Amino acid sequence: MQPREKVRCTLGIYIAILNPDHDGRLLIWRRTEEGSIIPGVSFYGNWEMPGGGVYVPSNQVEYDYPIYEGLRQLEEEVGVFGRGLVVPGIPPAYMLLFRDDLALVVPHIASVEPTKGETLWVSPEQYNGLAKEFIGPKEAKEQGLREACGLVSGWGERMHCLGLAAFTHSPNHEFAEQAHATLDSIVASW
């Protein structure tokens, strides 16, 4: 048997902050980076949860490596100091394999405020609206628009589903129910 070629594994990791001081709304931020983990694709100007692609350095990493990378990005992108947000032990995390793309979201209820970047606290209804409004930077330019808009990749796509999974943990029970219902309808359409 010939040795298999090794690949560099990429994992999308997002920290979903659900703030009880904002009725259990979810924190999202507007992307300011030109590039993305997808070669030749930019989501500049679109909205997403704090986080992004993490390169796994080898096939053996500590179990909490991706989470601490997500927390590092949380601090870098929106100025929320991530260390100490996730409770010790194994935090709740939801993995999504979406069209050969692996992503993880860690929902966390916290009374924090972002200190940098353009951010929003959104309800599931607002989040769904942003998903429906998705226009990427390339499409915006082709349409003569000033900038991209909406949630990264759009309705029923990875970011939308990850955020809805996080919303199922919102301290606002109405939000949690709305997120469950929307996820159920998306999955039924697959």
Side-chain angles (χ1 to χ4, degrees), residues 10-38 40-54 66-86 96 101 103-167 169-172 175 178-179 182:
T10 303
L11 171 68
I13 175 75
Y14 299 92
I15 306 298
I17 301 295
L18 299 158
N19 193 326
D21 297 339
H22 292 280
D23 297 324
R25 293 173 189 268
L26 176 69
L27 176 66
I28 60 173
W29 76 293
R30 196 156 196 196
R31 286 183 61 108
T32 56
E33 301 151 348
E34 289 288 339
S36 76
I37 203 123
I38 305 166
V41 176
S42 172
F43 293 105
Y44 177 84
N46 291 120
W47 295 91
E48 70 178 348
M49 287 180 290
V54 174
I67 293 167
Y68 283 106
E69 280 297 299
L71 293 173
R72 179 190 60 75
Q73 290 184 12
L74 178 69
E75 186 173 346
E76 182 180 294
E77 293 167 351
V78 297
V80 172
F81 185 67
R83 287 167 283 201
L85 279 182
V86 177
L96 177 66
D101 184 22
L104 180 75
V105 64
V106 179
H108 189 72
I109 298 169
S111 294
V112 296
E113 290 297 330
T115 60
K116 61 195 246 192
E118 186 179 350
T119 61
L120 291 173
W121 291 104
V122 294
S123 68
E125 184 177 345
Q126 293 166 315
Y127 194 71
N128 290 337
L130 286 168
K132 289 177 181 176
E133 292 175 8
F134 170 72
I135 297 175
K138 180 180 174 186
E139 294 83 5
K141 188 174 185 178
E142 290 169 356
Q143 295 176 29
L145 300 173
R146 192 171 65 83
E147 57 192 14
C149 63
L151 188 68
V152 164
S153 68
W155 180 269
E157 299 294 332
R158 180 178 85 163
M159 181 60 57
H160 187 219
C161 293
L162 287 169
L164 291 170
F167 263 121
H169 292 272
S170 175
N172 182 321
F175 287 176
Q178 289 172 0
T182 305

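The model shown is predicted, which means the values in this text are computed figures rather than measured ones. Sequence positions, counted from 1, serve as the residue numbers for this chain.
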Query raised in the report: Which atom names give the shortest non-hydrogen contact between Gly24 and Ser170, and what distance separates them?
Result: O-OG, 2.9 Å
Query raised in the report: If you look at every heavy atom in Gly156 and Cys161, which pair is closest and at what distance?
Result: O-SG, 3.6 Å
Query raised in the report: Is there a donor-acceptor pair under 3.5 Å between the side chain of Asn46 and the backbone N or O of Cys149?
Result: yes
**Report entry** Interatomic spacing from CG in Leu18 to CZ in Arg25 - rounded to 0.5 Å
**Finding:** 12.0 Å
**Report entry** Exercise: identify the closest heavy-atom pair between Ala16 and Leu26
**Finding:** CB-CD1, 3.7 Å
Query - Which residues share a side chain to side chain contact (heavy atoms under 4.5 Å, CB included) with Pro50, sequence neighbours left out - result: Leu27, Trp29, Leu74, Glu77, Val78
Requested in this report: Measure the CD-OG1 distance between Glu113 and Thr119 for me, rounded to the nearest 0.5 Å.
Outcome: 8.0 Å
Requested in this report: Give a yes or no on whether Lys141 atom NZ has more than 12 heavy-atom contacts from other residues, nucleotides or ligands under 6.0 Å away.
Outcome: no
Report task. Give every residue pair that meets the ring pair (Phe, Tyr, Trp, His ring centres under 6.0 Å) criterion with at least one member in residues 135-158, sequence neighbours excluded. Result -> Trp155-His160
Report task. Taking side-chain hydrogen bond (donor to acceptor under 3.5 Å, both in side chains) as the test, write out the residues that go with Ser153, two or more places apart. Result -> none
Query raised in the report: Does some side-chain heavy atom of Gln73 sit less than 4.5 Å from a side-chain heavy atom of Tyr14?
Result: no
Query raised in the report: To the nearest 0.5 Å, what is the distance between CG (Asn128) and OG1 (Thr182)?
Result: 4.5 Å
Report task. State whether the number of non-hydrogen atoms from other residues, nucleotides or ligands found under 6.0 Å of Glu125 atom CD is greater than 12. Result -> no
Report summary line: Sorted by chain and residue number, the side-chain hydrogen bond (donor to acceptor under 3.5 Å, both in side chains) partners of Asp21 (sequence neighbours excluded) come out as Ser111
Requested in this report: Sequence neighbours left out, what passes side chain to side chain contact (heavy atoms under 4.5 Å, CB included) with Ile13? Give chain and number order.
Outcome: Val54, Leu104, Val106
Query raised in the report: Residues two or more places apart in sequence or in another chain: which of them pass side chain to side chain contact (heavy atoms under 4.5 Å, CB included) with Glu147?
Result: Arg30
Report task. Mark yes or no for whether Glu157, through its side chain, and Gly154, through its backbone, hold a donor-acceptor pair below 3.5 Å. Result -> no
Query raised in the report: Which heavy atom in Ile15 sits nearest to a heavy atom in Met49, and how many Å separate them?
Result: O-CB, 4.3 Å
Report summary line: Rounding to 0.5 Å, atoms CE (Met159) and CZ (Phe134) come to a distance of 11.5 Å
**Report entry** Partners passing side-chain hydrogen bond (donor to acceptor under 3.5 Å, both in side chains) against Thr32 (at least two apart in sequence or in another chain)
**Finding:** none
**Report entry** All side chain to side chain contact (heavy atoms under 4.5 Å, CB included) counterparts of Glu76, not counting sequence neighbours
**Finding:** Arg72
Query raised in the report: Between Ala110 and Ile17, which heavy-atom pair has the shortest distance, and what is it?
Result: O-CG2, 4.0 Å
Query raised in the report: Any side-chain heavy-atom pair from Val112 and Phe81 closer than 4.5 angstrom?
Result: no
**Report entry** Any residue meeting side-chain hydrogen bond (donor to acceptor under 3.5 Å, both in side chains) with Tyr127, in chain and number order, not counting sequence neighbours
**Finding:** none
Query raised in the report: Which atom pair, heavy atoms only, marks the closest approach of Phe167 to Val122?
Result: CZ-O, 3.1 Å
Report task. Answer yes or no: is there a side-chain heavy-atom contact under 4.5 Å between Arg158 and Val152? Result -> no
Query - From Ile28 atom CD1 to Leu130 atom CG, the distance as rounded to the nearest 0.5 Å - result: 5.0 Å
